[in-house]
Amino acid sequence: MKVKNQIILALDVEDKDEAYKILDQTTPYLNTIKIGYPITLALGPQIIQQIKDDYNVQIIADFKVADIDATNEKIVNTTLNWGADSIIVHGFTGDDSVLAAKNMAEKNNKEIFLLTEMSHPGADRFLKPVAEEIAQMGVDMGIKNYVAPATKTDRLAKIREIVGDEAFIISPGVGVQGGKIQDTLKYADAAIIGRSIYNSDNPQQTLEDLINMI
Ligand code: C5P
């Protein structure tokens, strides 16, 4: 995946006019938008294809898929059929669940991102202790794309060490959650940024400022 300016917009708004206003201002600089449950549940899954058609961007569906293999397969297939180019899948469910998601994405000529560790403080309790094993599982399964936290640069660096330089890491947590873009991009290929852009009084200026820091 090629991410323009190494920034992915996390479009976690729930109103279409607001979403389009932000996309109008940011898509001259960006080609990758992460949509998640907030916008999809508010506006319906057809918003994925609408955004793609209206802005010529690639969409990462952040549905943090975390079910048994048979259910993961269905979630991944349906999401990709709604137009998403890739989908984020949790790793803690184990290799059978992740493999089902990976196989279904490949059947659709699309990709999964394997979520190793989350960016919020609460993730330290349950996810952090197994994150390195999840990353290693991804490597063993031949997965190329990973999600790892910008808020914990030491953890991000560790995940990079495990998955290797050829892997593609996207990293949430820059801005409101405390991560710094320059530190993040030392180890990640792209930063995922939401609130500091879409809640800004001037999303375009905020984005330009971020790009100038890279
Ligand atoms: O608003 P903010 O920049 O904190 O948005 C970060 C985005 O990345 C949100 O959509 C959040 O759900 C997502 N995310 C995260 N940590 C992960 C995976 C995804 O913050 N490990």
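In listed order, ligands and their atoms are each counted from 1. Keep in mind the model is a prediction, meaning the values are calculated, not measured.
Nearest protein heavy-atom contact of atom 11 (C) of ligand 1 is K34 NZ, 4.1 Å. The single protein non-hydrogen atom nearest to atom 15 (C) of ligand 1 is S119 OG, 3.2 Å, given as residue, atom name and distance. Summary of contacts: the protein heavy atom closest to atom 19 (C) of ligand 1 is K64 NZ, 3.3 Å. Looking only at protein heavy atoms, the nearest one to atom 6 (C) of ligand 1 is Q177 NE2, 3.7 Å. Closest to atom 21 (N) of ligand 1 among all protein heavy atoms lies M118 CA, 3.0 Å.
Annotation for ligand 1: atoms under 4.0 Å from non-hydrogen atoms of L115 are 21 (N). Taking every heavy atom of R195 and a limit of under 4.0 angstrom, the matching atoms of ligand 1 come to 1 (O), 2 (P), 3 (O), 4 (O). Against a heavy-atom cut-off of under 4.0 Å, I193 is close to the following atoms of ligand 1: 3 (O). Each of the atoms 8 (O), 14 (N), 15 (C), 16 (N), 17 (C), 18 (C), 19 (C), 20 (O), 21 (N) of ligand 1 lies under 4.0 Å from some heavy atom of P172. Within ligand 1, the atoms closer than 4.0 Å to a non-hydrogen atom of D12 are 9 (C), 10 (O), numbered from 1 in the order shown. Residue E117 has at least one heavy-atom neighbour below 4.0 Å for each of these atoms of ligand 1: 21 (N). Shown in contact with D62 at under 4.0 Å from a heavy atom are these atoms of ligand 1, numbered in order with element: 13 (C), 19 (C).
Scanning both residues, V174 and A191, for their nearest heavy atoms gives CG2-CB, 4.0 Å.
In this model, a donor atom of one side chain and an acceptor atom of the other lie less than 3.5 Å apart for Q204 and Y29.
Put simply, the side chain of T151 gets close to the backbone of S119: a donor and an acceptor are under 3.5 Å apart. Judged by distance alone, with hydrogens and angles left aside, the side-chain atoms of N77 form no donor-acceptor pair with the main-chain N or O of E73 at under 3.5 Å.
Atom NZ of K52 has more than 12 neighbouring heavy atoms from other residues, nucleotides or ligands inside a 6.0 Å radius.
The shortest N or O to N or O distance between G194 and ligand 1 is under 3.5 Å. The N/O atoms of S196, backbone and side chain alike, include none that comes under 3.5 Å of an N/O atom in ligand 1.
Using cut-offs of 30° and 60° for the angle between ring planes, the Y20 and Y55 rings count as perpendicular.
Within the model, atoms CG of D62 and CG of L115 stand 7.5 Å from one another, a figure rounded to the nearest 0.5 Å.
Shown are V89, T78, I35; of these, the side chain to side chain contact (heavy atoms under 4.5 Å, CB included) with F63 is made only by I35.
Between V57 and L30 the shortest side-chain heavy-atom distance does not fall below 4.5 Å.
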